[in-house]
Amino acid sequence: RGLVGSEMCIRDRSPESEEPLILTSLSVLTKLEADCYPQLRRLLDYPLMSVREALVNRLVEHESAYGDAARDDVVEGSDLSLRARRTLLSALARFTGPPDASLVAAVADMLSADDWGLRADAVRVVRHWQTLEGIDEALIAPAVATMNALLANETDPYVRFAGEEERSS
């Protein structure tokens, strides 16, 4: 079945599908860095966390192939579910490439979301950006300011935990 078969497995699978087959297809497609982000995108909202986490791992591992599409999805993906947006933020929090102004603005907007999980994930992304070597601090300053204002008044413990600068091991 090869590459076409792997792509079909992702394209044609429903939430009730076999997890091992989806994970294998995901692995094959991303190792080959196939031009298949639209098919991978469908897994952003997959019901099984193991599939979503495997997708994040592959997006991060192959950031050069899929990073731009994932970043664009954060900015332009208004059709994405809350779970799909959180999956993308999980990848962003591990990407090594710097954001652009539109991505910074999109993540800053997520800091005011009603959903505490989305706010916490957006905080994790901004904290990650602050650690990137050579980051343009002026570029991320609006998101940092929004995050700091959020954390000054945030009551949700998960969001507050995500906002801690340093964690002792």
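All values reported here derive from a predicted model rather than from experimental measurement.
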For this session: Quick one: list whatever passes side-chain contact (heavy atoms from CB on, under 4.5 Å) with Ala84, sequence neighbours left out.
Result: Leu44, Asp45, Leu80, Ser81
For this session: Considering non-hydrogen atoms only, spot the tightest contact between Tyr66 and Leu59 and give its length.
Result: CB-CD2, 3.5 Å
Problem set entry | Interatomic distance, Leu151 atom CG to Glu164 atom CD [nearest 0.5 angstrom] | 10.0 Å
Problem set entry | Between CZ on residue Arg58 and CG on residue Leu43, distance to nearest 0.5 Å | 12.0 Å
Seminar exercise, completed: Closest non-hydrogen atoms of Pro99 and Leu139, given as atom of the first, atom of the second and distance, are O-CD2, 3.2 Å
Seminar exercise, completed: Heavy atoms of Leu23 and Ser50 approach each other most closely as CD2-O, 4.1 Å
For this session: Evaluate the side-chain contact (heavy atoms from CB on, under 4.5 Å) criterion for residues Met147 and Arg127: first the C-alpha distance (whole Å), next the side-chain angles of each, then the deciding distance (0.1 Å), finally the verdict.
Result: CA-CA 9 Å; Met147 178 189 68; Arg127 285 289 189 223; 3.1 Å; yes
Exercise. Tell me the side-chain hydrogen bond (donor to acceptor under 3.5 Å, both in side chains) pairs involving residues 86-108, sequence neighbours left out?
Worked result: Glu53-Arg94, Asn57-Arg94, Glu63-Thr96, Arg86-Asp121, Asp100-Ser102
Exercise. Distance from Gln39 atom CD to Leu29 atom CG, nearest 0.5 Å?
Worked result: 8.0 Å
Seminar exercise, completed: salt bridge (Lys or Arg N to Asp or Glu O under 4.0 Å) pairs touching residues 140-153, sequence neighbours excluded, are none
For this session: Give the C-alpha distance, both sets of side-chain angles, the deciding distance and a yes or no for side-chain contact (heavy atoms from CB on, under 4.5 Å) between Ile140 and Gln130.
Result: CA-CA 8 Å; Ile140 66 169; Gln130 290 178 301; 4.0 Å; yes
Problem set entry | Pairing of Asp79 and Arg85 as salt bridge, 4.0 angstrom limit | no
For this session: Please identify each residue that fulfils salt bridge (Lys or Arg N to Asp or Glu O under 4.0 Å) with Glu33, with sequence neighbours left out.
Result: none
Seminar exercise, completed: All heavy atoms of Arg124 vs all of Ala162, minimum pair found to be CG-CB, 3.8 Å
Problem set entry | Leu82 CG to Asp115 CG distance, which is reported to the nearest 0.5 Å | 4.0 Å
For this session: List in chain and number order the residues that pass salt bridge (Lys or Arg N to Asp or Glu O under 4.0 Å) with Asp72, two or more places apart in sequence or in another chain; answer none if no residue qualifies.
Result: none
For this session: Only pairs at least two apart or in different chains count here, so list each ring-ring contact (aromatic ring centres under 6.0 Å, His included) that has a residue in residues 74-117.
Result: Trp116-Tyr158
Pair up each side-chain donor or acceptor in residues 106-114 with any protein partner under 3.5 Å, not counting sequence neighbours, and list the distances.
| from | atom 1 | to | atom 2 | distance (Å) |
| --- | --- | --- | --- | --- |
| Ser112 | OG | Asp109 | O | 2.9 |

Problem set entry | Minimum-distance pair of heavy atoms, taken over all atoms of Val159 and Val123 | CG1-CG2, 4.3 Å
Problem set entry | Selection residues 118-144 - residue pairs positive for ring-ring contact (aromatic ring centres under 6.0 Å, His included), sequence neighbours left out | none
Exercise. What residues, two or more places apart in sequence or in another chain, satisfy side chain to side chain donor-acceptor pair (under 3.5 Å) together with Tyr37?
Worked result: Asp73
Exercise. What is the minimum heavy-atom distance between Pro98 and Leu132, and which atoms define it?
Worked result: CA-CD1, 4.2 Å
Exercise. CZ of Arg41 to CG of Leu88: how many Å apart, nearest 0.5 Å?
Worked result: 8.0 Å
Problem set entry | side-chain hydrogen bond (donor to acceptor under 3.5 Å, both in side chains) pairs, two or more places apart, involving residues 138-156 | Arg119-Glu154
Exercise. Considering only heavy atoms from C-beta outward, does the side chain of Leu92 approach that of Leu103 to under 4.5 Å?
Worked result: yes
